[in-house]
Amino acid sequence: MARIPLSTTDDDPAMKPLVEKNRSARRNTVNNLYRTLLHSPPVTEAWFQQLNAVRFGTQLVGRMRELVIMRVAYLNDAKYQLRQHIPSLALADGVTLEECHALADWRPSKFFDAKERATLAYVDEVTKNFSVPDAVFDELRKHYTDRQIVELTVLIATYNMHGHVLRALDIDLEKVHQQYTGS
């Protein structure tokens, strides 16, 4: 059960532009994460801008973004994140359900090409250890420009933050997404 009640500011005229911005960008709904964040309008606005920048304002392709987001979610046991992305967002960006499940333990899987494996190794290091061994970074560098490495790193850090907020506040998942329970 959520530790912070969902905001009821949806009807507040002062909040209407922020609520509508979130609704229009999020499948015409204001999900429980944003309804929790709405307790602090400046934080909600900053969060919205950050998430949109790392998801839609980079040179990273959608499939790679989804692989990264889901791997971070598995590492952080962020079930809300997984349920938001599996199946709808992941499938829309070309990740199969089998690949989604394989991300829980990607190394022995038959999925993922060399670039994806280098990326997932990087995700693991950034998420678990904060620092990255040279060998892991050198492998990553073979596949990405400097800009893309910065974008990838900020994507990983952002979704780590995302998962930490979701778990710390124990935000409840919307009922429409409860069909996925993890692998």
Side-chain angles (χ1 to χ4, degrees), residues 1-4 6 22-37 44 47-48 50-128 140 143-144 148 151-183:
M1 174 134 176
R3 293 178 169 161
I4 303 290
L6 299 177
N22 281 276
R23 186 183 316 277
S24 69
R26 302 285 182 261
R27 295 169 270 188
N28 203 32
T29 64
V30 180
N31 66 29
N32 289 349
L33 170 61
Y34 280 97
R35 290 188 63 207
T36 302
L37 293 174
T44 305
W47 187 283
F48 183 81
Q50 174 78 8
L51 267 285
N52 281 333
V54 300
R55 288 200 59 222
F56 308 116
T58 71
Q59 293 180 351
L60 302 173
V61 297
R63 176 181 166 81
M64 192 63 73
R65 280 192 317 269
E66 287 302 311
L67 293 176
V68 168
I69 291 166
M70 289 182 293
R71 181 60 184 159
V72 168
Y74 276 117
L75 290 170
N76 291 325
D77 194 29
K79 291 176 178 45
Y80 186 106
Q81 256 177 318
L82 288 169
R83 291 177 191 160
Q84 286 287 2
H85 288 265
I86 302 171
S88 61
L89 298 176
L91 293 177
D93 274 323
V95 183
T96 68
L97 279 177
E98 292 165 315
E99 291 169 324
C100 291
H101 296 303
L103 283 167
D105 185 19
W106 63 270
R107 288 183 192 276
S109 80
K110 65 182 179 180
F111 303 108
F112 315 117
D113 63 24
K115 181 177 182 176
E116 292 166 343
R117 288 180 172 279
T119 304
L120 293 170
Y122 187 67
V123 169
D124 286 3
E125 292 298 332
V126 172
T127 300
K128 291 188 223 176
L140 185 78
H143 304 283
Y144 293 98
Q148 292 167 331
E151 292 172 347
L152 175 63
T153 305
V154 173
L155 175 68
I156 296 165
T158 298
Y159 273 87
N160 272 290
M161 172 191 70
H162 196 271
H164 291 293
V165 169
L166 288 164
R167 289 204 52 208
L169 298 179
D170 201 14
I171 297 172
D172 295 324
L173 182 66
E174 296 79 14
K175 293 190 185 315
V176 70
H177 293 289
Q178 290 184 344
Q179 72 274 8
Y180 178 74
T181 58
S183 59

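The first residue in the sequence is number 1, and the count goes up from there. Keep in mind the model is a prediction, meaning the values are calculated, not measured.
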field: Exercise: do T127 and Y159 side chains pair donor with acceptor under 3.5 Å
entry: no
Indicate yes or no for a side-chain donor-acceptor contact from [X] to the backbone of [Y] under 3.5 Å, with no hydrogens or angles considered.
X	Y	answer
Q84	Q81	no
R3	A168	yes
R71	V123	no
R65	R55	yes
R83	L173	no
T44	L37	yes

Interatomic spacing from [atom1] in [X] to [atom2] in [Y] - rounded to 0.5 Å:
X	Y	atom1	atom2	result
K115	Y144	NZ	OH	5.0 Å
I86	T96	CD1	OG1	10.0 Å
L51	T158	CG	OG1	7.0 Å
L155	M64	CG	CE	10.5 Å
T36	L6	OG1	CG	5.0 Å
N160	L75	CG	CG	8.0 Å

field: Basic-acidic side-chain contact under 4.0 Å: R63, E99
entry: yes
- request: Under the side chain to side chain contact (heavy atoms under 4.5 Å, CB included) rule, what do V165 and W47 come out as? Steps first, then yes or no, please.
  value: CA-CA 11 Å; V165 169; W47 187 283; 3.8 Å; yes
- prompt: Does K79 count as lying over the ring of Y74, i.e. NZ or CZ under 6.0 Å from the six-ring centre, within 45 degrees of the axis?
  reply: no
Looking at every heavy atom in both [X] and [Y], which two are closest together, and how far apart are they?
X	Y	value
A102	F112	CB-CE1, 4.0 Å
H143	A118	CD2-CB, 3.8 Å
C100	M70	SG-SD, 3.6 Å
L120	L67	CD2-O, 4.1 Å
N32	Y80	N-OH, 3.5 Å
T119	V68	CG2-CG2, 3.7 Å

query: Would R107 and D124 count as a side chain to side chain contact (heavy atoms under 4.5 Å, CB included) if you check the C-alpha gap in whole Å, the side-chain angles of each, and the deciding distance to 0.1 Å?
result: CA-CA 11 Å; R107 288 183 192 276; D124 286 3; 3.9 Å; yes
task: Under the side chain to side chain contact (heavy atoms under 4.5 Å, CB included) rule, what do I171 and R35 come out as? Steps first, then yes or no, please.
output: CA-CA 10 Å; I171 297 172; R35 290 188 63 207; over 6 Å; no
task: I would like to know whether H162 and L166 meet side chain to side chain contact (heavy atoms under 4.5 Å, CB included); could you show each step before the answer?
output: CA-CA 6 Å; H162 196 271; L166 288 164; 3.4 Å; yes
Beyond-backbone contact of V54 with E151, side-chain heavy atoms, under 4.5 angstrom: no
task: Side-chain contact test, heavy atoms from C-beta onward, threshold under 4.5 Å: evaluate it for L152 versus L140 and give yes or no.
output: yes
query: If you count the non-hydrogen atoms of other residues, nucleotides and ligands that lie under 6.0 Å from CD in Q59, is the total more than 12?
result: yes
